[in-house]
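Okay, structure first, notes after.
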Protein chains: 2
Amino acid sequence: MSGTKEKIVSMADRLVRTKGFNAFSYKDIAAPLDIKNAAVHYHFPAKCDLGVEVIEQEIEKFREQTGKWKQLPENEQLARLVDVFRQHNSQGNICLMGSLATDFETFAPAMQTKVQEMADGIVTWLTQCLEQGRKNKCIHFKGAAHARALLIMSNLQSSLLLSRVMGPTAFRSIADQLMEDLCQK
Amino acid sequence: MSGTKEKIVSMADRLVRTKGFNAFSYKDIAAPLDIKNAAVHYHFPAKCDLGVEVIEQEIEKFREQTGKWKQLPENEQLARLVDVFRQHNSQGNICLMGSLATDFETFAPAMQTKVQEMADGIVTWLTQCLEQGRKNKCIHFKGAAHARALLIMSNLQSSLLLSRVMGPTAFRSIADQLMEDLCQK
DNA sequence: AAATATACTTACTTAGTAGTAAGTAAGCAA
DNA sequence: TTGCTTACTTACTACTAAGTAAGTATATTT
């Protein structure tokens with residue numbers, strides 16, 4: 001165990017969120033970690049393997065975080081989710097889903113499947129959170145919970161993209177409006 | 001005049017929307033048009049020039065379309081805009097803004113500026129449409145029109161991205177919910 | 001008829017890219 | 001102490017990218 005593998009994944013995660021999956025190379029990972037190109041290939045033979053690992057860690061992280069919020073009221077859980085995006089925004093990151101969705105068609109099947117797995121996981125959690133929140137009267141919305149979950153997810157995803165182009169206030173504006181719509185009615 | 005230049009731009013537009021700006025090469029344009037790589041360079045010396053042209057044509061197209069809708073009620077204008085996205089969705093395209101926002105950080109300054117110009121144009125139009133629509137009581141929403149415009153734009157943008165990953169029903173779900181929220185209250 | 005411009009092609013350079021094959025140093029295991 | 005594994009490095013291959021220089025065919029102008 002050297003920690004190098006973890007550093008590679010973390011570097012890749014950052015690069016996917018800043019430049020996009022197709023826009024970084026093994027060199028971009030190797031150079032700042034002061035290892036050689038081939039060392040990255042040792043841990044991840046193909047770039048696809050690295051991509052899959054990055055997504056798997058994100059799925060795991062999401063599961064952990066949402067698990068911790070279980071006892072909170074649903075509107076609070078939603079606020080925490082928005083906060084995760086807020087943090088990414090302040091670090092200049094875009095969301096993993098947003099970044100990977102753009103390049104989706106260029107991915108190997110194994111990676112496409114993983115991206116879908118991640119998307120399904122987030123939407124499923126969000127749908128349940130909304131449904132339960134409506135039952136407990138702390139979240140208010142019209143229509144099906146699943147449709148609303150897609151709407152919210154799309155907002156969070158794009159808010160980070162728009163922020164990059166239109167300045168970081170775009171995120172705040174979207175996030176605030178979103179929470180207001182859902183929680184103060 | 002040979003029409004080749006127009007074909008190149010149209011091909012590039014399609015490629016940006018399907019694969020992303022960094023994921024296609026001049027070869028991907030030249031081969032299907034049965035011309036050589038260098039012919040593309042003849043019309044667009046650098047890839048950045050091609051990108052700028054694609055965006056400029058999109059800005060022009062947006063201006064033309066919205067111009068045609070001027071006499072319509074604002075909720076109808078909004079419906080037309082959603083319809084433009086619906087067409088892209090059925091063709092497997094993602095929106096130009098969404099695609100370019102992901103790769104934004106990797107662009108040359110000239111292209112970054114053009115992307116911002118396009119974003120500003122869309123948001124400005126949408127903000128005015130919403131404001132006027134609220135005044136005329138055919139569009140209903142809370143909060144500032146500008147914030148709402150960002151929210152809607154982010155929805156349309158991401159709906160195409162999510163559709164690609166989660167299947168084309170995702171778009172319909174988001175678009176329907178969106179129009180319902182704004183127009184039937 | 002000669003000069004010029006347009007729209008390319010041919011053939012190339014430079015600078016990457018992912019990926020691999022072979023070697024090595026350090027540590028542990030029998 | 002010999003062998004095996006881990007975690008790399010060195011040195012490469014095969015390929016693709018953007019971009020360029022020089023030449024050519026065709027049409028247009030003078």
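Convention: sequence-line order gives letters A, B, ...; per-chain numbering from 1.
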Enumerate the residue pairs fulfilling ring pair (Phe, Tyr, Trp, His ring centres under 6.0 Å) with a member in residues 155-184 of chain A, sequence neighbours excluded, ordered by first and then second residue. none
Using whole Å, what does the distance between atom [atom2] of nucleotide [N] and atom [atom1] of [X] come to?
X       : N      : atom1 : atom2 : value
A/Leu50 : C/dT17 : CG    : P     : 15 Å
B/Phe44 : C/dA7  : CZ    : P     : 12 Å
B/Leu15 : D/dA17 : CG    : P     : 12 Å
A/His41 : C/dT17 : NE2   : P     : 11 Å

So what does A/Phe24 hit on the nucleic acid, given a heavy-atom distance under 4.0 Å: a base, only sugar-phosphate, or nothing? sugar-phosphate
Taking side chain to side chain donor-acceptor pair (under 3.5 Å) as the cut-off, I'd like each qualifying pair that reaches into residues 62-75 of chain A, sequence neighbours left out, listed once. A/Glu74-A/Asn136
Residues that B/Glu58 engages under salt bridge (charged side-chain N to carboxylate O under 4.0 Å, His left out), provided they are two or more places apart: B/Arg17, B/Lys61
Output all residues satisfying salt bridge (charged side-chain N to carboxylate O under 4.0 Å, His left out) with A/Asp176, sequence neighbours left out; order by chain, then residue number. none
List in chain and number order the residues that pass side-chain hydrogen bond (donor to acceptor under 3.5 Å, both in side chains) with B/Asp103, two or more places apart in sequence or in another chain; answer none if no residue qualifies. none
Taking only nitrogen or oxygen atoms into account, show me every contact under 3.5 Å that the protein makes with nucleotides 9-16 of chain C, one pair per line with its distance.
from, atom 1, to, atom 2, distance (Å)
C/dT9, OP2, B/Lys36, N, 3.0

Side-chain donor-acceptor contact under 3.5 Å, A/Asn89 with A/Ser159: no
